[in-house]
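All of these numbers come straight from a predicted model, not from anything done at the bench. Numbering of residues begins at 1 and proceeds along the displayed sequence.
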Amino acid sequence: MEVVRGLENWKPATNPVVTVGSFDGVHLAHKSIIGLLKHEAELIRGHSVLVTFSPHPRLVLHSLDAYARRFGLLSTDAEKTSLLAKAGLDILLVIDFDEAFSKLPYSDFIEKVLVEKIGVRKMVVGYNHNFGHDREGSYEQMSEYGKRHGFEVDRFPEQVVHRQHVSSTRIRQLLEEGDVAQANDLLGYCYGVRGVFRNGACQVSDPHKLLPGSGAYLVKVKNGRKYNFTVGRLDEGLTFPDLHTLAEGEEISLNFIKRLHLREE
């Protein structure tokens, strides 16, 4: 997968089939959209292209304090890039999202970015697509612009797994409730974080990364080439009471498997 950072670094691609979004977590619905994107690109011998943003728009549209209280990332930029590469995307275009860009009218985004800069041949949008300043864009509006500028628009249907609507918002809600097993079902992988072991706890590397709700969890901890399945406790910090092999300052990564209902909880 080719990663292009910044519109100024974009180079012409063959018959771009494009989707736009934050794709936070790259969950099962996101992967299905990428699958359709790839299929449509193959039909016209083109490239599948995802236009995404860094930092996440909510970090720009709200204050840092509000962001910390109300919102957490499911994936860092590096994690998202890795997941999209595994999904088989051809090109990832990362646009710097700042206050000025947030005020860009929807029409300008389509005409100046998608049409003039990228040369879109076909768009694939989610069933609840809304984008642009004040979320003014819709599937219907995108279709109208498509007719005007000569590109097709496909809308991807809502995705449901085990009667659960698949969305980043729903996954965040499940994690905050401590239901990591259901969150993992919608993600298609075990949710995880990275950090450094200090003062008996894991200090998560990205302060905006979402942590599940307070409680005890079965976790898989990786340090170096070693893996350990153990209990991870989330309260004031993220600790591992039964794991005594971690060294001070050691980098670790861990995945949350399921919540544990221990007697002392």
Starting at CD of Glu79, measure out to CG of Leu84 and round the result to the nearest 0.5 Å.
12.0 Å

Out of Val219, Leu218, Leu246, which one pairs with Thr230 under the side-chain contact (heavy atoms from CB on, under 4.5 Å) rule?
Val219

Test side-chain hydrogen bond (donor to acceptor under 3.5 Å, both in side chains) on Asp77 and Ser54 and set out the steps.
CA-CA 7 Å; Asp77 283 353; Ser54 181; 2.6 Å; yes

Name all pairs fulfilling the side-chain hydrogen bond (donor to acceptor under 3.5 Å, both in side chains) condition that reach into residues 33-45, sequence neighbours left out, sorted by first residue then second.
Glu40-Lys122

Which of parallel (below 30°), tilted (30 to 60°) and perpendicular (above 60°) describes His30 and Phe23?
parallel

Indicate yes or no: at least one non-hydrogen side-chain atom of Val113 is less than 4.5 angstrom from one of Ile118.
yes

Are Lys11 and Val4 close enough that some pair of their side-chain heavy atoms sits under 4.5 Å apart?
no

Rounded to the nearest 0.5 Å, what separation is found between the CG atom of Leu243 and the CG atom of Asn228?
5.0 Å

Take a 6.0 Å sphere around CD of Glu111 and say whether it holds more than 12 heavy atoms from other residues, nucleotides or ligands.
yes

Look up atom OG in Ser168 and atom CG in Leu210, then write down how far apart they are to the nearest 0.5 Å.
11.0 Å

Taking atom NZ as the centre, does Lys209 end up with more than 12 heavy-atom neighbours from other residues, nucleotides or ligands that are less than 6.0 angstrom away?
yes

Over 60° means perpendicular and under 30° means parallel, so classify the ring planes of Phe151 and His149, tilted if in between.
parallel

Please tell me if the side chains of Val153 and Tyr145 come closer than 4.5 Å, counting only heavy atoms from C-beta onward.
no

Are there more than 12 heavy atoms of other residues, nucleotides or ligands under 6.0 Å from atom CZ of Arg194?
no

Output the distance between atom CG (Asn184) and atom CD1 (Ile257), rounded to the nearest 0.5 Å.
8.5 Å

Angle class for the Phe256/Tyr217 ring planes (parallel below 30°, perpendicular above 60°, tilted otherwise)?
perpendicular

Is atom NZ of Lys258 surrounded by more than 12 heavy atoms (other residues, nucleotides or ligands) closer than 6.0 Å?
no

Given Val166 and Arg170, is the side-chain contact (heavy atoms from CB on, under 4.5 Å) satisfied, shown in steps?
CA-CA 7 Å; Val166 183; Arg170 179 57 181 151; over 6 Å; no

For Ala41 versus Ser48, what's the shortest heavy-atom pair and its separation?
CB-N, 3.8 Å

For a side-chain contact (heavy atoms from CB on, under 4.5 Å) with Glu144, tell me which candidate from Lys147, Met142, Glu140 qualifies.
Lys147

Out of Arg172, Lys80, His56, which one pairs with Asp24 under the side chain to side chain donor-acceptor pair (under 3.5 Å) rule?
Arg172

Roughly how far, to the nearest 0.5 Å, is CD1 of Ile33 from OG1 of Thr19?
5.5 Å

Could you measure the distance from the CG atom of Asp108 to the CD atom of Glu116? Nearest 0.5 Å is fine.
9.0 Å

